[in-house]
Amino acid sequence: MDPGAPATEPVPAPSPERKRVLRTLAAGKRYEAYVEQQTAEMRVCALCEQVFYRKKPMKKIGARWLCIDCLRGLKDSLEGLEQWEEMSALHETIERDVHGALRR
């Protein structure tokens with residue numbers, strides 16, 4: 001041994017508490033890496049505001065994403081739009097006629 005070299009003490013084995021803390025930190029780092037990877041594939045539906053990953057079919061409309069469930073609901077709503085407009089016009093006509101009859 002070199003007399004001018006500093007003496008090195010043996011490193012004590014880590015305590016069980018320290019091992020648990022190190023395992024927890026390592027698991028946290030793995031989780032953060034997974035989340036960063038998944039965030040790139042994450043989409044938020046503009047209507048229902050749910051977060052979906054690549055497993056749920058989504059469509060980009062303009063700058064926003066819509067899930068397949070919201071698109072189906074929108075399609076159903078648009079298919080009944082003409083009937084809804086007719087009912088709305090009929091309702092307005094009835095209200096106008098009733099108010100006109102009451103004023104006489």
Side-chain angles (χ1 to χ4, degrees):
M1 203 178 205
D2 185 16
T8 58
E9 296 181 21
V11 178
S15 68
E17 177 69 18
R18 182 170 171 82
K19 284 182 182 180
R20 186 183 62 77
V21 169
L22 291 174
R23 276 195 309 267
T24 302
L25 289 173
K29 290 290 185 183
R30 283 193 304 270
Y31 181 72
E32 286 177 15
Y34 172 77
V35 168
E36 285 180 17
Q37 176 187 1
Q38 293 298 317
T39 303
E41 300 173 0
M42 179 179 69
R43 304 281 185 255
V44 178
C45 179
L47 295 179
C48 66
E49 297 181 350
Q50 289 185 359
V51 178
F52 297 105
Y53 294 94
R54 62 181 164 201
K55 294 180 183 179
K56 184 77 162 188
M58 297 193 75
K59 176 92 171 164
K60 187 171 186 177
I61 299 177
R64 298 178 185 225
W65 289 90
L66 296 177
C67 68
I68 190 73
D69 296 332
C70 291
L71 283 173
R72 285 183 185 137
L74 189 59
K75 179 184 172 222
D76 292 343
S77 297
L78 290 175
E79 286 175 351
L81 184 62
E82 288 179 14
Q83 182 182 3
W84 179 77
E85 287 176 340
E86 290 172 6
M87 291 175 60
S88 179
L90 180 62
H91 181 70
E92 288 175 8
T93 304
I94 291 172
E95 280 189 358
R96 188 174 49 242
D97 291 345
V98 167
H99 288 302
L102 291 176
R103 290 184 187 174
R104 292 184 191 165

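Atoms considered below: every heavy atom in the structure, side chains included; atoms not considered: hydrogens, waters and symmetry mates.
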Trainee: Please give the remaining members of the hydrophobic cluster of Trp65, linking ILVMFWY side chains under 4.5 Å, ordered by chain and number.
Mentor: Phe52, Met58
Trainee: Taking the side chain as C-beta and beyond, is there a heavy-atom pair between Asp69 and Lys56 under 4.5 Å?
Mentor: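 Yes, side chains in contact.
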Trainee: Can you name the nearest heavy-atom pair linking Leu66 to Cys45, along with the distance?
Mentor: CA-SG, 3.9 Å
Trainee: Going by heavy atoms in the side chains, are Cys48 and Cys67 under 4.5 Å from each other?
Mentor: yes
Trainee: Who passes side-chain contact (heavy atoms from CB on, under 4.5 Å) against Leu74, sequence neighbours left out?
Mentor: Leu78
Trainee: With side chain to side chain contact (heavy atoms under 4.5 Å, CB included) as the test, would you mind laying out the steps for Lys59 and Ile68 before giving the verdict?
Mentor: CA-CA 7 Å; Lys59 176 92 171 164; Ile68 190 73; over 6 Å; no
Trainee: State which residues pass salt bridge (charged side-chain N to carboxylate O under 4.0 Å, His left out) with Glu79; sequence neighbours excluded, sorted by chain then number.
Mentor: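 Residues passing salt bridge (charged side-chain N to carboxylate O under 4.0 Å, His left out) with Glu79: Lys75.
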Trainee: Run the side chain to side chain contact (heavy atoms under 4.5 Å, CB included) check on Ile61 and Leu71 step by step: do they pass?
Mentor: CA-CA 10 Å; Ile61 299 177; Leu71 283 173; 3.8 Å; yes
Trainee: If you count heavy atoms of other groups shown closer than 6.0 angstrom to CD of Glu82, is the number above 12?
Mentor: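 Check fails, neighbour count at 12 or below.
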Trainee: List, by chain and number, the other hydrophobic cluster members for Leu22, where Ile, Leu, Val, Met, Phe, Trp and Tyr join if side-chain heavy atoms come within less than 4.5 Å, directly or indirectly.
Mentor: none
Trainee: Could you go through residues 87-95 and list every donor-acceptor pair under 3.5 Å that involves a side-chain atom there, pairing it with any protein atom two or more places apart or in another chain?
Mentor:
{"unit_1": "His91", "atom_1": "NE2", "unit_2": "Glu95", "atom_2": "OE2", "d": "2.8"}
{"unit_1": "Thr93", "atom_1": "OG1", "unit_2": "Ala89", "atom_2": "O", "d": "2.9"}

Trainee: With a cut-off of 3.5 Å and sequence neighbours excluded, list every side-chain donor-acceptor pair involving residues 12-19.
Mentor:
{"unit_1": "Ser15", "atom_1": "OG", "unit_2": "Arg18", "atom_2": "N", "d": "3.2"}
{"unit_1": "Glu17", "atom_1": "OE2", "unit_2": "Arg20", "atom_2": "NH2", "d": "2.6"}

Trainee: Report the distance from atom CG of Leu25 to atom CZ of Arg30, rounding to the nearest 0.5 Å.
Mentor: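 If we round to the nearest 0.5 Å, Leu25:CG and Arg30:CZ are 11.0 Å apart.
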